[in-house]
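Worksheet: the structure to be examined is printed underneath.
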Amino acid sequence: MLKFKKTERGASISLDDKVIYRFNRDAYLCSFGKGHNDYSMSHGSFVIREHIYFKNDYRVEEVEVSDDKITVKSSNAVIEVFRVGNNRIKVVPTIDDDCNRFWITLPAGSSEFVYGSGETFTEFNLRGKKVNVWVAEHINGLQTAKKIVKQVFGIKNSQRKQSFDKYETYYAEPTFISSKKYYYHSDTTARAEFDFTSINKHIIKVDDISPFYMGFGTCFEEVMEDLTDLTGRQPELPDWVYDGAILGVQGGTEIMMHKVDTAINAGTDVCGVWIQDWEGRRVTAVGKQLQWNWVWDQELYPNLDEKIKELNEKGIKVLGYINPFLALEKPLYKEASKKGYCVKDKEGKDYLVKITTFPAAMVDFTNPEACEWIKDIIKKNMIDLGLSGWMADFGEYLPTDCVLYSKENPELIHNTWPARWAQLNREAVEEAGKLGEIMFFTRSGYTDTKKYSTMMWNGDNHVDYSIDFGLPSVIPAALSLTCCGFGLSHSDIGGYTTFMNLKRSDELFMRWCEMNAFTPVLRGHEGLNPDVNAQFDFSSQTLEHHAKFSRIHKNLKPYIKDCVKENAEKGIGVIRPIFFHYDEDRAYKESYEFMLGRDILVAPVVRDNSQNRVLYLPNDEWVHIWSGKEYKGGAHTVYSPVGQPPVFVRKSSEKFDELMNIVK
């Protein structure tokens, strides 16, 4: 339990009689300052240049202490620390001067590890990194183009990491957890920076003056439960989600039904079919994209309403797609523009954002009438049609130089945009009385996304094994989301981004599929250019492999449902870092293995043409799910051909027999 105590030199905060922080007179307290940022956005990617006018350091001058509050004063600055519950504090900084920058320093240990800040794809442990907490497009065109050019000239290194200062992410959040078993979370909506590069301190800078929280625990279950008590959790998933694979299909009613029949005839357990082009498609220079007019395309999908009922009778749900943009040449945009429902530029015109090769307008989420309008579209055009879920794409693209209906500063609204988008989708589902029946999944996010979205997916990954953007990257992405309190995530089987010589192989498809079978949702995607990508029906081998792992995923249903329930009740993610349960140095360093709940450890094969996987097992007794061979903790090389990803069950698990039987 946290205790506040007056000391000879000021005050201290202790946890279970161990001092964790001191406010000593004449010691450094914090810094306040003023500055501004210049933002340049291209296709959702940002270049940010900061200009600091001044930064003043403040020292502790006076301290007042009570059982539940510490007040620290320094000239015209005040820090108030409130004890909130047994193990959480709330820190409220204030200053009389005209300031919009705040720096605070937290003590750090040389062997400490930190995780979070949203969704990080390349680095899981962020110690030694400086993190920019700002929502953006994770993958930009320039990065992809450079990679493709290098491959043309024979330069291919899947293990090469880009410089972390170029890192951007769909889901940013001013939250992290530490191996010292505490979390930090800021209430800010402004840009923040986490500087973890120092040996003995963490420096946190926020571009406004906002309260923040810190919570402490004796184990990570306690830390995550307290964090998600504060920030929110996801609800349990619909029961149908666990009953096999969701096929990623596009091209029209006839193709959809043919693909479903092909999968079923191959022995696939099909629980859903995801048709992202239900509203129509457009073919661009980069591939087959979608027509952003959220109305059923009856020419491409004739009799879709009847086919949805037919598939539902077979236990197969149909899912669609939506995003916050509107196609300029279509009726919905014309209606929204006429009613003033779009985000404006400084000239009062609709702000048009270029996404790939075409511009689009954005619905203004600060306009209450516009929010009701887009929710009504979701309810009438999607839910009433019979869709049981959808991809709620995008949310990262709000420009900082736009003009909003609310007249709020877009720089302070930008990070919240994806959370507002998730909220609109959630409200539409709830108002239709369908929560618990419908699953929508979001790509982008900020703090409030976790209490509104029902599921994350890891975005538009490359169709390869590259550590930055391919199959390996989705593992630290999922783990870092879990460390922020978003415990439900999955990825597109085989990735998405396809261009020129960047094409999905059948091996990659199968490796990704067998990994995703051990996640909450097993869902496919044909990718940006389906014609050159291996699909589930690409060959007899991929068809059989996909069917096999659809059955394994369905066999895992009782176990995954229990994990999802635990996440809904306590905020302990379904996909977890090993260190959540094993306090070992090697566990804190592991980025490419994960726990599925408490009892299953998964070490996906993350390199092409690999038949063996070098892996780490924590100190316990483990049983290889394919061979039944028993392993102790430590480093091992495990034979892992396609179709047998390294998966282990904890021998002492109460569910051991049940889990060993999922592959039979």
(message) For the residue pair R523 and W274, would you count it as a cation-pi contact if the rule is NZ or CZ under 6.0 angstrom from the ring centre and within 45 degrees of the ring axis?
(response) yes
(request) Inspect the contact between R576 and E566 and indicate whether a charged nitrogen and a carboxylate oxygen are less than 4.0 angstrom apart. (result) yes
(message) Is there a side-chain contact between I438 and P238 in this structure, where contact means two heavy atoms from C-beta onward sitting under 4.5 Å apart?
(response) no
(request) Among H138, H490, E119, R443, find the residue that satisfies the side-chain hydrogen bond (donor to acceptor under 3.5 Å, both in side chains) test when tested with N458. (result) E119
(request) Mark yes or no for whether R233, through its side chain, and E225, through its backbone, hold a donor-acceptor pair below 3.5 Å. (result) yes
(request) Using distance alone, with no hydrogens and no angle criterion, decide if E173 and T175 have a side-chain donor and acceptor under 3.5 Å apart. (result) yes
(request) Would you tell me whether N529 and T498 have side-chain atoms, one donor and one acceptor, within less than 3.5 Å of each other? (result) no
(request) Taking the side chain as every heavy atom from C-beta outward, state whether I625 and F648 have any pair of such atoms under 4.5 Å apart. (result) no
(message) I'd like to know if the side chain of E584 pairs up with that of Y616 as donor and acceptor (distance under 3.5 Å, no hydrogens or angles considered).
(response) yes
(request) For the residue pair F113 and Y115, categorise the inter-ring angle as parallel (less than 30°), tilted (30 to 60°) or perpendicular (more than 60°). (result) parallel
(message) Can you tell me which residue among N425, L319, L488 is in a side chain to side chain contact (heavy atoms under 4.5 Å, CB included) with F441?
(response) L319
(request) Indicate, with yes or no, if the rings of F194 and F176 have centres closer together than 6.0 Å. (result) yes
(request) Salt-bridge test for E222 and K181: reply yes if a basic N is under 4.0 Å from a carboxylate O, no otherwise. (result) no
